[in-house]
Amino acid sequence: MTTFKDLGLSEHVLSTLTAMGFETPTPIQAGAIPLVMAGHDLIGLAQTGTGKTAAFGLPMIEKLMVDGKRPDPRNIRALILAPTRELVNQIAANLKEFVKKTPIKVAVVVGGASINKQSEQLARGVDILVATPGRLLDLVNRRAVTLTQARYLVLDEADQMLDLGFIHDLRKISKLVPKNRQTLLFSATMPKAIAELAGEYLSDPKRVEVSPPGKAADKVEQYVHFVAGASQKTEILKKTMNDNPDGRAMVFSRTKHGAEKLMKHLEHVGFSVASIHGNKSQGQRERALKAFRDGDIRVLVATDVAARGIDIPGVTHVYNYDLPEVPDAYVHRIGRTARAGRDGIAIAFCAPDEIRLLRDIERLMNIDIAVASGEVPADRARPKGARGGNGARNAQRPAGDGHNQRRARPQGGSDNAPRAERTAPSAFAGDELLVDANGQQKKQHRKGQGPAATAAHEAAVAKRGNRNGRPGQKQGQWRNRGGNGGGGNGGQQGQRRQGGGQRRDEA
DNA sequence: AAAAAAT
């Protein structure tokens, strides 16, 4: 088996990894590290949760060490761009762990934080700068930083950067970094625009793809409640959370306003909750995330600012309080659970005006999400032939759709089935690159899922709560606690060695 | 149509 040693990393970095509990590289690490070490440009097709940060961070640190230079003031040696402030902070936190025993300096540049402090830090010399594009350009314009010595450029979550309209900023930044550089691009999906971006900024890139994308979402047990409206969503949400007192939940809302309103309500009825969205100050966002990560609060109500990449160990439930307008976002949201080899449950609420969105999601993922409760709307069924002549699919549904419970994924032993037999990564199959001979097989496999009873759902939910819950925690943990009653960091510790190099998936 | 990101 491949070890980090085999990948050409120095003793220095290796000893840090050992101290951190890393032994076995994840697939993307095993694939990418040697290529980066060899100096290639790289396209990494990988979701968050695959160990991306280490995949580019470790070899980059290694090469910076070998170069042996010290950074000039205001002149960085490596630049990492990511779409949200939270992601930037998370990447930097990981890198800071990796460079602990080295003289390499890592700094963060994001909006919403003191620009003067960032400026001062850059003046003291920074090797690796992790940034959101807007603030970086701001600092460049103020001459607080120059990119002319940046020999490494990483574009993380490139698809989201494009979605968020960062393309213009990326163009500006690309003109400021030297031509003679190594560029690494990571993206969960490979739409045309990303391929074009890669063609523009990468030279003769190698490609690393973690098999099969969408796997994280695969491990998530998914259910949908058909509801009449928001108040019913809230009632079911509260009941389900109370039924799972050991759980940790992320609740996604479509709007910032909606997220805030829901958070206030949950707080009012006694849940230990915070919210995170674009109307919150950066300080508030970071405090909310930290409190949730530390286990001080059990529920985080969020907009899609937190849908991608955010890595919080031990999230047991993801609630889609509102279904997202963009079906991709659903996949990213539910990917906040079932991380680091754990299980997870995703519960969606579907109001009458959201059925179209549910259909889009089910079509994208090529699954039928199991119905947990509610009247199944007549127009839920996808039109025949909507999926390329696979009209037979509907015929696979249980006769008498009146009690229309279906599983989103196989149960039990099927998890151990060969990868090709497992559920399809179709959320990411929009591009031709991922469509392979297995695609059809996977679809077949899915189609075969029989009906599942609500009782099974309840049992699974109950069981899941235990399996995922942190040992020793009592009922009522959703409620506000007086002090930090011993929850603390236990979860994170407990995860430490899990799955070798994957124990914290973004690390 | 909403969200994020520079102020």
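We name chains A, B, ... by the order of the sequence lines, and we start the count at 1 in each one.
Spacing between atom CD1 of A:I115 and atom P of B:dT7 amounts to 7 Å, rounded to whole angstrom units. To the nearest angstrom, C1' of B:dA5 lies 11 Å from CG of A:L137. A:Q282 places its CD atom 7 Å from the P atom of B:dA5, with the value rounded to the nearest Å. Atom pair A:I310:CD1 and B:dA4:P shows a separation of 12 Å (rounding to whole Å applied). Protein atom CE of A:M161 is 17 Å distant from nucleotide atom P of B:dA4, rounded to whole Å. Between A:I173 atom CD1 and B:dA5 atom P the separation is 14 Å, expressed in whole Å. Rounded to an integer number of Å, the gap from A:D304 CG to B:dA3 P is 9 Å. If you measure from atom CD of A:Q118 to atom P of B:dA6, you get 9 Å, rounded to the nearest angstrom.
Looking at A:Q121, its side chain never comes within 3.5 Å of a backbone N or O of A:A107 through a donor-acceptor pair. For A:R336 (side chain) and A:I310 (main-chain N/O), a donor-acceptor pair under 3.5 Å exists by modelled atom type.
The side chain of A:F166 sits closest to B:dA5 out of B:dA5, B:dA1, B:dA6. The side chain of A:R254 sits closest to B:dA2 out of B:dA2, B:dA3, B:dA5. Residue A:T255 places its side chain closer to B:dA2 than to any other of B:dA6, B:dA4, B:dA2. In this structure, the nucleotide among B:dA4, B:dT7, B:dA1 sitting nearest to the side chain of A:E325 is B:dA1.
Among A:R333, A:R254, A:K256, the one residue that satisfies the salt bridge (charged side-chain N to carboxylate O under 4.0 Å, His left out) test with A:D304 is A:R333. The salt bridge (charged side-chain N to carboxylate O under 4.0 Å, His left out) with A:D127 is formed by just one residue from the set A:R151, A:K63, A:R70; it is A:R70.
Residue A:R285 is classed as a sugar-phosphate contact, given heavy-atom separations below 4.0 Å to backbone atoms only. Counting non-hydrogen atoms under 4.0 angstrom, A:G112 reaches the backbone sugars and phosphates but no base.
When each of A:D169 and A:D163 is assigned the nucleotide of DNA chain B with its nearest heavy atom, A:D163 is the one assigned upstream, toward the 5' end.
Note: A:F56 and A:F186 have tilted aromatic rings, judged against thresholds of 30 and 60 degrees for the angle between ring planes.
Within the 4.0 Å cut-off from OP1 or OP2 of B:dA6, at least one side-chain nitrogen or oxygen of A:T132 is found.
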